[in-house]
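Read the structure below first, then the notes.
All of these numbers come straight from a predicted model, not from anything done at the bench.
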Amino acid sequence: MNKSRKIVFGLGNTLNRDEGLGVYALKVLETALAALKTDGQASSQDIELLDGGVLGLNLLPWVEESSHLLILDAVSANKAPGAIVELSKQEIPLYSGIKMSDHQVTFQEVLGIAQFRNRLPQNLHLIGAQPADISIGVDLSVEVQNAIPQIVRRAISQLESWDLI
């Protein structure tokens, strides 16, 4: 299997306020990367920015075809609302025994299946923030909205460390 895709997933349910963080952060990251390109400061190496929403197991083919996978998501880690959470490959819980967010159980299972099939991306990283409010609604909480610039900076830093930009 050719594992050459370089993917940034924005995950989350945008109908449950902070649960949609990954999707919103992905849009900001896309704008930031476009600005870097136009400034001549960086060029992407075919990085795919994908809104994974809450597609769960449907994301398995993308995960297994990736050499580099960066995940942006809300992460329930018992921290203060808006606190940044960053996990490297070995730190990401791959099974539903540890619940990171309401939709994450399914995506954790996707990562677990990819690992079981020996197809987990070599380069895997997650950046997110502790949600303040995951009730029904379309606006992010102030705490999580304020975390997005730092999440985007860390995402760019991670992509740079992988020599993708």
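You'll find the side chain of P93 reaches within 4.5 Å of the side chain of L87, heavy atoms only. Side-chain contact check for N16 versus I136: some heavy-atom pair is nearer than 4.5 Å. When side chains are defined from C-beta on, S67 does not count as touching P121, because their heavy atoms never get closer than 4.5 Å. A 4.5 Å side-chain heavy-atom check between L11 and L21 finds every atom pair outside the cut-off. Side chains of R17 and V138 form no contact here, defined as non-hydrogen atoms less than 4.5 Å apart. For the pair F107/I71, a side-chain contact is recorded, criterion being any heavy-atom separation below 4.5 Å from C-beta on.
Note on V23: it does not cluster hydrophobically with V54, by side-chain heavy-atom contacts below 4.5 Å among ILVMFWY residues. One hydrophobic cluster holds both L69 and L57 under the rule that ILVMFWY side chains link at heavy-atom gaps under 4.5 Å.
Of the possible donor and acceptor atoms, one in the side chain of Q130 sits under 3.5 Å from a partner among the backbone N and O of A77. With hydrogens and angles disregarded, no donor-acceptor distance shorter than 3.5 Å links the side chain of N13 to the backbone of G20. Without hydrogens or angle criteria, R5 side chain to E65 main chain gives no donor-acceptor distance under 3.5 Å. At least one donor-acceptor pair under 3.5 Å links the side chain of D51 to the backbone N or O of G53. D73 places no side-chain N or O within donor-acceptor distance of the main-chain N or O of G22, the cut-off being under 3.5 Å.
Using a 4.0 Å cut-off between charged side-chain N and carboxylate O, E48 and K6 make no salt bridge. Using a 4.0 Å cut-off between charged nitrogen and carboxylate oxygen, K3 and E64 do not count as a salt-bridge pair.
For D133 and S141, the side-chain atoms include no donor-acceptor pair closer than 3.5 Å.
With rounding to the nearest 0.5 Å, the separation of CG in L60 from CG in L111 is 9.0 Å. Atom CH2 in W62 sits 7.5 Å away from atom CG in L55 (nearest 0.5 Å). Rounding to the nearest 0.5 Å gives a distance of 13.5 Å between CD1 of I151 and OH of Y24. Going from atom CG of L70 over to atom CG of L49 covers 9.5 Å, rounded to the nearest 0.5 Å. Atom CD in Q158 sits 8.0 Å away from atom CG in N123 (nearest 0.5 Å). Taking CG of L50 as the reference point, atom CG of L26 lies at 7.5 Å (rounded to 0.5 Å).
Considering all non-hydrogen atoms of both residues, A155 and L72 come closest at CB-CD2, 4.2 Å. Between V75 and G128, the shortest heavy-atom contact is CG2-CA, 4.3 Å.
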Is there a side chain to side chain contact (heavy atoms under 4.5 Å, CB included) between L164 and H68 once you walk through the steps? CA-CA 9 Å; L164 299 180; H68 298 74; 4.0 Å; yes
Test log, rule side chain to side chain contact (heavy atoms under 4.5 Å, CB included), inputs F9 and L59: CA-CA 10 Å; F9 271 142; L59 299 174; 3.9 Å; yes
Candidate pair S157 and E160, rule side chain to side chain donor-acceptor pair (under 3.5 Å), full reasoning: CA-CA 5 Å; S157 177; E160 288 173 340; 4.9 Å; no
Side chain to side chain contact (heavy atoms under 4.5 Å, CB included), that's the test. Do V85 and I127 meet it? Break it down for me. CA-CA 6 Å; V85 178; I127 304 170; over 6 Å; no
Run the side chain to side chain contact (heavy atoms under 4.5 Å, CB included) test on I165 and I156 for me, step by step, so that the C-alpha distance in whole Å, both residues' side-chain angles and the decisive distance to 0.1 Å come before the verdict. CA-CA 8 Å; I165 55 173; I156 289 171; 3.6 Å; yes
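No more than 12 heavy atoms of other residues, nucleotides or ligands sit less than 6.0 Å from atom CD of E30.
When K89, E86, R154 are each tested for a side chain to side chain donor-acceptor pair (under 3.5 Å) with H125, only one passes: E86.
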